[in-house]
Amino acid sequence: MTTEQMAPNSSINLTSHDDVVRVEDLKVSFYTQLGVVRALNGVSFNIPRGRVLGIVGESGCGKSITGLSIMQLVVGAGRTEAGRIMFREYAGQEPPVNILDYGKNSPEMRKIRGNNISMIFQEPMSSLNPCYTIGNQIEEAILLHQTNDKSEASKRAIEVLNKVGMPNPARIAASYPHELSGGMRQRAMIAMALSCNPTLLIADEPTTALDVTTEAQILDLMRGLQSEIGTSIMFITHNMGVVAQMCDEVAVMYMGRVVERATVDDIFYEPRHPYTISLLQSIPRLGRRSGKLASIEGSVPDPYSTTPGCSFHPRCPVAIKGLCDTIEPQETIVDAAKGHTVRCHLNS
Amino acid sequence: MTTDDMLLEVRGLKKHFPIRTGLMRRVTGMVKAVDGINFHIHKGETLGLVGESGCGKSTAGRAILRLHEPTAGEIIFNDPVLGKIDVTQADRETMMKIRPNMQIIFQDPFTSLNPRLTVGQIVGEPLEIQHRASGSELSDRVAELLNEVGIRPENMTRYPHAFSGGQRQRIGIARALALNPSLIICDEPVSALDVSIQAQVLNLLDELQAKYGMAYLFIGHDLSVIEHISDRVAVMYVGYIVEMAKTDKLYFSPKHPYTEALLNAIPKADPRLRTRPERLLGDVPSPANPPSGCYFHPRCRYAKEICSVERPPLTDIGDEHYVACHFARELSLTGVQALSDIKLEMPAAKNV
């Protein structure tokens with residue numbers, strides 16, 4: 001943690017100036033041989049400092065691309081077409097930097113990536129290099145960003161492994177990824193991501209590939225570290241249970257847009273968007289066996305097509321003919337104090 | 001419960017896979033994937049088989065169909081025509097007669113359908129193999145089956161790649177349904193699907209069971225899904241069933257410490273219920289090198305001396321509640337707390 005972060009900044013307006021990241025109208029498209037996939041159609045949200053923001057949605061809704069965009073890791077056929085990603089390394093930094101102003105491989109971006117903003121991926125096996133020891137891989141980030149002293153780096157790598165609850169961290173540092181179990185690998189990934197004390201941690205479905213008891217261990221660990229270090233977390237997931245247990249705020253995404261954003265309590269107790277409501281209704285609730293699950297009719301549309309009006313209207317049980325299928329709803333404020341916004345004609 | 005009601009009885013089923021190493025491929029060890037499990041399924045009921053990855057639940061499902069040749073044990077299937085038959089001893093001809101009554105739905109809808117066959121051919125194949133229908137009769141039956149699972153029959157001539165994951169899983173269900181089986185083994189049929197699609201497929205399985213009365217062996221790792229679909233649930237840990245009971249019993253008053261830990265680990269979909277219960281530490285042991293005594297004892301917080309020495313057998317503690325724990329009658333364990341019922345209402349349509 002940098003000293004600037006520790007310095008009290010009482011004059012700062014918490015709601016707008018203390019966002020770690022503010023994404024504004026982000027548009028990302030993929031130009032493929034089959035056509036253009038509009039992965040993000042104007043995504044806007046903010047991540048308040050020291051909070052956990054959950055990004056929820058079904059596969060293909062653009063949640064991972066949003067995370068990758070912040071890291072500037074969208075490559076290949078992907079193009080960032082519009083929008084800004086304003087990043088404040090420490091509270092009250094004026095002006096904030098627009099990450100998208102930097103080139104993907106620029107020295108500025110390399111300084112931010114892995115140092116100020118780091119990422120944990122879903123598949124811990126494929127995101128670790130099988131040819132290097134766990135220790136080597138953690139040291140790499142430390143040597144790149146923090147210190148030039150190799151023995152200092154390996155000491156820090158063992159420290160950070162200890163912090164993520166690894167039994168016998170020195171032995172783990174000397175072992176290769178294939179020698180560890182799934183849960184252990186994910187701990188190693190978290191250790192690597194936290195090795196440079198990042199301002200923002202992007203966790204892309206970090207527990208999806210894990211079993212339920214291991215998942216619980218990892219979630220406990222992340223919550224503990226979050227309150228200890230104070231890192232802001234962007235938590236990408238499709239599991240509503242994980243959202244309820246981990247996040248402070250939630251952004252629900254559908255077809256490349258944030259359709260609803262609210263505090264975690266409001267998302268579960270006062271949801272406004274028909275998609276959020278349907279999503280909550282369709283999960284089997286533990287300890288409450290009901291006859292039939294409410295399901296959302298149809299499936300997520302083909303990514304190459306564009307839907308006129310509200311992108312959810314073909315599946316929406318309460319869509320209004322002549323309005324929802326023609327005019328795209330704008331973001332409306334439900335509760336300004338709690339930052340509850342929704343994109344739906346029925347709530348405007 | 002009368003014995004005629006019994007559809008499937010599994011006794012002491014084992015499936016061991018050899019570990020071969022070295023130039024001579026000598027057997028140097030055994031992975032005891034399934035190590036002596038006992039359970040039964042009544043006609044028309046759903047038994048949920050739940051456990052973490054590597055516990056042997058899928059292997060058990062496949063061994064019942066002899067997709068893996070069982071190492072030991074008996075699988076008594078009550079065939080509607082042939083009566084009770086031990087599947088493990090059946091010859092090729094008898095297997096051919098039993099197979100139509102035991103079908104399977106696989107986990108991954110992207111790899112379980114042949115990409116070179118049309119949907120019509122995929123669903124019609126079992127009917128052809130069993131000489132149940134041909135010609136226009138066959139295509140009528142396929143159309144009927146597709147209708148049943150909510151796929152438009154016009155799509156019969158299309159190939160699997162043209163369908164989404166949920167639709168492919170429906171095609172897999174139609175194929176399993178084709179021969180009117182009395183048992184369908186559902187091997188994690190909804191794990192690869194998104195939540196909204198998962199709900200559609202679960203509802204479909206429920207409806208089909210109500211209509212045709214077949215039994216399901218539903219293999220899964222998601223405890224909320226298992227609770228929703230099952231009449232009874234069996235919990236597996238490292239190749240062994242540790243607890244089996246009626247769903248409500250198992251979820252609200254579990255008797256095995258592993259079941260308790262599993263239930264407590266589920267992230268609850270309610271932000272007002274943020275509990276940090278006692279977590280299970282460590283990892284699932286390898287079935288190639290399991291611990292002594294009760295396989296769960298190194299991670300169990302109630303473990304006593306006897307647990308590391310003697311493996312507890314699966315015993316009935318009354319009312320079809322089976323537990324494999326030395327202290328099943330003494331421990332008082334906590335089950336799930338029912339989540340509060342959050343009322344979710346769609347916004348009312350306004351006049352615009």
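Sequence lines set the chain letters: A, B, ... in the order given, protein chains first and strands last, and positions in each chain run from 1.
Looking at B:Asp194, its side chain does come within 3.5 Å of a backbone N or O of A:Ser59 through a donor-acceptor pair.
Between chain B and the residues A:Cys344, A:Cys247, A:Gly322, the most heavy-atom pairs under 4.5 angstrom are made by A:Cys247. The residue among A:Met240, A:Gln217, A:His273, A:Met246 with the most heavy atom pairs within less than 4.5 Å of chain B is A:Gln217.
The minimum heavy-atom distance linking A:Val264 with B:Pro271 is given by the pair O-CG, 3.7 Å. Here the closest heavy-atom approach between residue A:Val212 and residue B:Glu52 is recorded as N-OE2, 4.1 Å. Of all heavy-atom pairs spanning A:Ile283 and B:Ala269, the tightest one is CD1-CB, 3.8 Å. Taking each heavy atom of A:Arg315 and B:Ile197 in turn, the nearest pair found is NH2-CD1, 4.2 Å. The nearest pair of heavy atoms linking B:Ala199 to A:Ser282 is CB-O, 3.6 Å.
Distance check, rounded to the nearest 0.5 Å: CG of B:Asp283 to CG of A:Leu180 gives 9.5 Å. Distance NE2/B:His221 to CG/A:Leu210: 10.5 Å, rounded to 0.5 Å. Between the CG atom of A:Leu280 and the CG atom of B:Asp270 there is a distance of 10.5 Å, given to the nearest 0.5 Å.
Put simply, the side chain of B:Met346 reaches to within 4.5 Å of the side chain of A:Pro317, judged on heavy atoms. Using a 4.5 Å cut-off on side-chain heavy atoms (C-beta onward), B:Asn203 and A:Ser295 make contact. A:Gln245 places none of its side-chain heavy atoms less than 4.5 Å from the side chain of B:Ile266. Using a 4.5 Å heavy-atom threshold, the side chains of A:Arg285 and B:Glu227 count as separate. At least one side-chain heavy atom of A:Lys292 sits less than 4.5 Å from a side-chain heavy atom of B:Glu207. B:His228 is listed as a side-chain neighbour of A:Leu293, based on a closest heavy-atom distance under 4.5 Å. The side-chain heavy atoms of A:Glu297 and B:Ser196, taken from C-beta on, include no pair separated by under 4.5 Å. Side-chain contact between A:Thr213 and B:Arg299 is present, with heavy atoms from C-beta onward closer than 4.5 Å.
Of the atoms belonging to A:Ile277, heavy atoms from both backbone and side chain fall under 4.5 Å from chain B. Contact of A:Met184 with chain B is made through the side chain alone, with heavy-atom distances under 4.5 Å. Contacts of A:Pro271 with chain B are made by side-chain atoms alone, with heavy-atom separations under 4.5 Å and no backbone atom involved. Only the backbone of A:Ala294 comes within contact range of chain B, judged by heavy atoms closer than 4.5 Å.
Counting non-hydrogen atoms of other residues, nucleotides and ligands closer than 6.0 Å to CD1 of B:Ile19 gives a total above 12. Crowding of A:Glu270 atom CD: a count of heavy atoms from other residues, nucleotides or ligands under 6.0 Å not exceeding 12.
Taking the ring centre of A:Tyr269 as origin, the terminal cationic atom of B:Arg272 falls inside the region bounded by 6.0 Å and 45° from the ring axis.
The side chain to side chain contact (heavy atoms under 4.5 Å, CB included) with A:Pro284 is formed by just one residue from the set B:Ile226, B:Val225, B:Ile229, B:Leu223; it is B:Val225.
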